[in-house]
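Shown next, in C-alpha cells, is the structure this report addresses.
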Amino acid sequence: MKNYKKIITNIYKDLKSIDDPGKVANYIPELANVDENNFGIHISTINNEGFGIGDANKKFSIQSISKILTLTLAYKLIGENIWNRVDVEPSGNPFNSLLQLEADFGKPRNPFINAGAIVVCDILMSHLKNPKEDFLTFCRNISNNSSLNYSEKVAQSEKKSGFRNIALCNFIKSFGNIKNDVDAVLDFYFYTCSLEMSCKELSEIFLYLADETYTNNKNENILTTSEAKRINAIMLTCGFYDESGEFAFRVGLPGKSGVGGGIIAVHPNEFCITVWSPKLNPKGNSYKGMLFLEKFTTNTENSIF
Ligand code: GLN
C-alpha cells in the first residue's frame with residue numbers, strides 16, 4: 001500500500017469541507033435526492049490490499065460508470081466486431097450530445113458517451129436471453145459480489161425523463177445501427193445506469209482492468225491483456241466526455257465518471273481507486289472527485305506518465 005493511506009487521509013481532510021461550486025444532477029429527478037455532502041474514497045490494489053475513508057461503503061448510483069461493464073460484456077460476446085458498431089475516438093462533446101451522429105451516419109464516436117453505450121446495450125440485447133438478469137449476473141460474478149443490484153426507483157425516474165436518450169436511440173435506429181426495439185433497448189440502458197455500488201465495491205469490481213491475471217472465484221479470467229489495454233485506452237481518451245483531455249492532463253490515469261458523482265480510475269498493474277462526491281462540475285463530472293484524484297497522483301508522484 002506504500003504511503004497511500006496517509007496521502008489519501010490527508011487529501012480527504014483537506015477537501016472535506018472546501019467550498020464546492022458543483023451541483024448535484026437533477027435532470028434525473030431521483031438523483032437529486034442524494035445528500036450532496038457525501039464524500040468517500042476507496043483504493044484496492046492488485047495484491048488484495050484495500051483502504052477506504054469517509055462514505056466509502058455507502059452505495060450510490062454509478063450511472064455512466066456502468067458503461068465500462070456493458071462494454072466489457074459486449075466485447076467478450078462479439079470480440080473485435082464491436083468496433084464496426086461503435087468507434088474509439090474522443091467526441092469532444094457532452095455525454096448526451098446528438099450533434100455528431102448525423103455526420104457519422106449513426107455510428108457513435110465511442111462507447112462511453114450515451115449514444116455509444118446505447119448501441120452497446122443493443123448488442124447485448126441481441127446476444128443475451130434475459131438482458132437485465134444476465135448483465136446483473138455478469139457484474140456479480142466479476143467481483144464475487146451477490147449484493148449488487150439495480151435501483152428500480154432511479155431506472156423508472158430516468159425512463160420518465162430520458163428525453164435526450166430516447167431521441168438518441170431513435171436517431172441511431174434511423175441509420176440502422178440499433179437492431180432491437182427502441183423502447184426495450186432504452187429500458188435496458190436505464191437499468192444498467194441505475195446499478196448501485198459503493199466506492200469499495202467499485203474499486204474491487206474494476207480490478208480486472210488493473211490486473212492482467214485477475215480471475216474471479218470461479219477462476220474465470222475477465223479480459224485478455226490486449227482487451228484490457230483497449231478498454232483502458234478508451235477510458236483515458238473518452239472517459240470524461242468533453243473533459244477527457246483535462247482529466248488525463250490533471251490526473252494521468254484511465255478513468256470513468258458518472259452523473260451520480262462517482263469516478264473510478266485505474267493504474268494498470270497497481271490499483272483501482274474510486275472517489276464519490278455528488279456535486280458535479282458543468283461537464284457532468286464530480287468536482288471534488290477530479291480534484292481529489294489530481295492531488296492523489298500529484299502527491300504520490302504516481303500516474304501512468
Ligand atoms: N443515465 C445517465 C444518462 O443517460 C448517465 C449519464 C452519465 O452518467 N454521464 O443521462
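The structure displayed is predicted, hence computed values, not measured ones. When a ligand or atom number is given, it counts from 1 through the structure's own listing order.
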Check your understanding: Taking the six-membered ring where the residue is Trp, are the ring centres of F271 and Y4 under 6.0 Å apart?
Key ->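 Ring-ring flag for F271/Y4: true, centres closer than 6.0 Å.
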
Is any N or O atom of [X], backbone or side chain, closer than 3.5 Å to an N or O atom of ligand 1?
X	answer
F95	no
S64	yes
Y189	yes

Starting from [atom], which protein heavy atom do you reach first, and at what distance in Å?
atom	result
atom 1 (N) of ligand 1	Q63 OE1, 2.5 Å
atom 10 (O) of ligand 1	Y27 OH, 2.6 Å
atom 3 (C) of ligand 1	E158 OE2, 3.0 Å
atom 9 (N) of ligand 1	Y241 OH, 2.8 Å

Exercise for review: Determine yes or no for a side-chain-to-main-chain donor-acceptor pair under 3.5 angstrom, with S157 supplying the side chain and V154 the backbone.
Suggested key: no

Compare every heavy atom of [Y] with every heavy atom of [X], then report the nearest pair and how far apart it is.
X	Y	value
G50	H42	CA-CE1, 4.1 Å
N144	N217	OD1-OD1, 2.8 Å
L148	L136	O-CD1, 3.7 Å
C139	L69	SG-CD1, 4.0 Å

Check your understanding: Which of the atoms in ligand 1, numbered in the order shown and given with their element, are less than 4.0 Å from a heavy-atom of G258?
Key ->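 Close to G258: 8 (O).
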
Study note, to complete from the structure: Note: ligand 1 atoms sitting under 4.0 Å from heavy atoms of C193 are 1 (N)

Review point. Considering the options F39, F60, F292, which one meets the side chain to side chain contact (heavy atoms under 4.5 Å, CB included) requirement together with W276?
Key: F60

Judged by non-hydrogen atoms, does [X] sit under 4.0 Å from ligand 1?
X	result
N114	yes
F190	no
G284	no

Point to revise | ligand 1-proximal atoms of N165, by part, heavy-atom distance under 4.0 Å | key: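 It is the side chain that gets close, since no backbone atom is under 4.0 Å.
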
Check your understanding: Is the W83 ring parallel, tilted or perpendicular to the Y75 ring (thresholds 30°, 60°)?
Key -> perpendicular

Practice item. Calculate, to the nearest 0.5 Å, the distance between atoms CG and CG belonging to N165 and L98 respectively. Key: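 Answer rounded to 0.5 Å: 9.0 Å.
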
